[in-house]
Amino acid sequence: MRATARAPAAGTVLNALATGHGSAFAIDEYVHATVDLDDAGEVTGEVADFPDADTTLIEACVETVAREHDRDVGGTVRTQTAIPMAGGLKSSSAAANATVLATLDALGVEMNREDACRLGVQAAREAGVTITGAFDDASASMLGGVTVTDNTSDELLAREEPEWHVVVFTPDERAYSADADVARCERIAGTAQVVEELALDSRYGEAMTVNGFAYCGALNFDTEPMLDALPDVRGVSLSGTGPSYVAVGTREQMEQTQTAWAEYEGTTWLTTTQRAGAQLT
């Protein structure tokens, strides 16, 4: 029983660390997952080109889906990613979503994609790779578009499908969400509530920018890349717990921002928002 699926990366509108409420948008870059199920009783994982990568999450996703549908299976799951890992671009959520969809297909089971997304979030919590549960990131990746969520209850508060051009800057260093200083982030809860109000009013660009400055302060990231993008972009933010930055706007605005960000050490790339979400392949 073999199946394959892919799920997109995502950028941040509102980081959920301060209040448990978050918002993210899907972008056109992917993690692919191939799931082969058998009766071995054990699930093993592999990340292509990263032999030392932690595969706990993708293995947990297969096991969680099988358990949810009362199946006793083993097998292998292999992911391949074009998304920088530990870069703040939701690679873990994308890997979980792709693995969940592929496992469901391999089992011959149909499931509402929002509920399927929650299985991946459950697996992420059990695997200990997330602080908030990351339903904001996971829902944007699974459903496409931009989502606003309550991560404390895994509730989808809003979803829209904006068409933005996107530029991403990823420095060479990495930052793991589980290592973020939650106590410092909780100090900016009042600002995060303002960001949520902006997002629920569909003022996503303003929300991103306020979020970015607040979390750069809380997590000790440089605000210079954000200032380089302003005032011409629609919105710019630190993505997740960093170290990547994302900006949205017109193609011309994004090309100008990419030129500015290319002066920093790291990688910059242009893409667009993605509205279809995770898909079988």
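Remember, it's a predicted structure, so these values are computed and weren't measured experimentally. All residue numbers refer to positions in the sequence shown, counting from 1.
Between the Asn97 side chain and the Ala138 main chain, a donor and an acceptor come within less than 3.5 Å of each other. Side-chain N or O atoms of Thr209 include one that pairs as donor or acceptor with a backbone N or O of Gly205 at under 3.5 Å. Between the side chain of Asp201 and the backbone N or O of Arg203, no donor-acceptor pair lies under 3.5 Å. The closest donor-acceptor contact from the side chain of Ser91 to the backbone of Gly87 lies at 3.5 Å or more, if one exists at all. Remark: the backbone N or O of Gly240 is paired with a side-chain donor or acceptor of Asn15 at under 3.5 angstrom. Between the side chain of Arg6 and the backbone N or O of Glu29, no donor-acceptor pair lies under 3.5 Å. Between the side chain of Arg159 and the backbone N or O of Gly144, at least one donor-acceptor pair lies under 3.5 Å. Formation of a donor-acceptor pair under 3.5 Å by the Asn112 side chain with backbone atoms of Asp115 is found in this model. The backbone N or O of Asp137 lies less than 3.5 Å from no partner atom in the side chain of Ser141, so there is not a single donor-acceptor pair.
Taking NE2 of His165 as the reference point, atom CZ of Arg251 lies at 6.5 Å (rounded to 0.5 Å). The OG atom of Ser239 sits 13.0 Å away from atom CZ of Phe169, with the distance rounded to the nearest 0.5 Å. To the nearest 0.5 Å, atom OG1 of residue Thr268 and atom CE of residue Met254 are 12.0 Å apart. The distance from atom CG of Asp232 to atom OG1 of Thr257, rounded to the nearest 0.5 Å, is 7.5 Å. Atom CG in Leu280 sits 4.5 Å away from atom CG in Asp105 (nearest 0.5 Å). Rounded to the nearest 0.5 angstrom, His32 NE2 and Thr4 OG1 are separated by 9.0 Å.
Taking the side chain as every heavy atom from C-beta outward, Leu37 and Leu107 approach each other to under 4.5 Å. In this structure, Tyr30 and Ile83 have side chains that are not in contact, with every pair of non-hydrogen atoms separated by 4.5 Å or more. Counting heavy atoms from C-beta on, the side chains of Phe213 and Thr223 come closer than 4.5 Å. For the pair Leu157 and His21, the minimum side-chain heavy-atom distance is below 4.5 Å. Looking at Glu196 and Ser23, their side chains never come closer than 4.5 Å, going by heavy atoms from C-beta outward. Counting heavy atoms from C-beta outward, Arg113 and Leu143 have side chains that approach closer than 4.5 Å. Looking at heavy atoms from C-beta onward, Thr64 lies in side-chain contact with Glu126 at the 4.5 angstrom threshold. A heavy-atom distance below 4.5 Å is not found between the side chains of Asp38 and Val73.
The side chain to side chain contact (heavy atoms under 4.5 Å, CB included) test with Thr79 is passed by exactly one of Ile58, Thr34, Val35: Ile58.
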Test log, rule side chain to side chain contact (heavy atoms under 4.5 Å, CB included), inputs Leu89 and Thr170: CA-CA 9 Å; Leu89 298 171; Thr170 303; 3.9 Å; yes
field: Ile27 vs Thr272, side chain to side chain contact (heavy atoms under 4.5 Å, CB included): CA-CA, chis, key distance, verdict
entry: CA-CA 6 Å; Ile27 59 178; Thr272 62; over 6 Å; no
task: Give the C-alpha distance, both sets of side-chain angles, the deciding distance and a yes or no for side chain to side chain contact (heavy atoms under 4.5 Å, CB included) between Val246 and Val167.
output: CA-CA 6 Å; Val246 289; Val167 66; over 6 Å; no
message: Using side chain to side chain contact (heavy atoms under 4.5 Å, CB included), reason through Cys61 and Val77 one step at a time and then give a plain yes or no.
response: CA-CA 10 Å; Cys61 285; Val77 53; over 6 Å; no
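Under the 4.5 Å side-chain heavy-atom criterion for ILVMFWY residues, a single connected hydrophobic cluster contains both Ile188 and Val236. Clustering ILVMFWY residues whenever any of their side-chain heavy atoms sit less than 4.5 angstrom apart, transitively, puts Leu101 in the very cluster that holds Leu156. Residues Leu230 and Tyr215 fall within the same hydrophobic cluster, defined by Ile, Leu, Val, Met, Phe, Trp and Tyr side chains chained together at heavy-atom separations under 4.5 Å. Put simply, Val233 and Val168 are part of two different groups of oily side chains (I, L, V, M, F, W, Y) that touch within less than 4.5 Å, one to the next. Val210 and Val146 are assigned to two separate hydrophobic clusters, defined by single-linkage of ILVMFWY side chains at heavy-atom distances under 4.5 Å.
Contacts of Ala98 classified as side-chain contact (heavy atoms from CB on, under 4.5 Å), with partners at least two apart in sequence or in another chain: Ala7, Ala33. Under the side chain to side chain donor-acceptor pair (under 3.5 Å) criterion, Thr55 pairs with Glu59, not counting sequence neighbours. Remark: Gln193 engages Thr19 in a side-chain contact (heavy atoms from CB on, under 4.5 Å) (not counting sequence neighbours). Under the rule for a salt bridge (Lys or Arg N to Asp or Glu O under 4.0 Å), Glu224 has no partner lying at least two apart in sequence or in another chain. Arg234 pairs by the side-chain contact (heavy atoms from CB on, under 4.5 Å) definition with Trp164, Val248, not counting sequence neighbours.
One finds no salt bridge joining Arg118 and Asp154 here, because no Lys/Arg side-chain nitrogen approaches an Asp/Glu carboxylate oxygen to under 4.0 Å. Arg275 and Glu163 are joined by a salt bridge, as a carboxylate oxygen and a charged side-chain nitrogen come within less than 4.0 angstrom of each other. Ion pair Asp136/Lys90 not flagged as a salt bridge, since none of the NZ, NE, NH1 or NH2 atoms sits closer than 4.0 Å to an Asp/Glu carboxylate oxygen.
For Tyr204 and Glu160, the side-chain atoms include at least one donor-acceptor pair closer than 3.5 Å. Under the 3.5 Å distance criterion, with hydrogens and angles disregarded, no donor-acceptor pair is assigned to the side chains of Thr149 and Glu155. For the residue pair Thr271/Asp28, the side-chain donor-acceptor check at 3.5 Å is not satisfied.
Residue pairs that meet the ring pair (Phe, Tyr, Trp, His ring centres under 6.0 Å) test with at least one member in residues 90-116, sequence neighbours left out, do not exist here.
The heavy-atom pair separating Ala106 from Ala3 by the smallest distance is N-CB, 3.6 Å. Between Phe135 and Cys117, the shortest heavy-atom contact is CE1-SG, 3.8 Å.
Relative ring orientation between Phe221 and Tyr245 is described as perpendicular, the plane-to-plane angle rising above 60° on a 0-90° scale split at 30° and 60°.
Taking a 6.0 Å sphere around CZ of Arg67, one finds it holds more than 12 heavy atoms contributed by other residues, nucleotides or ligands. The number of heavy atoms from other shown groups lying within 6.0 Å of CG (Asp39) does not exceed 12.
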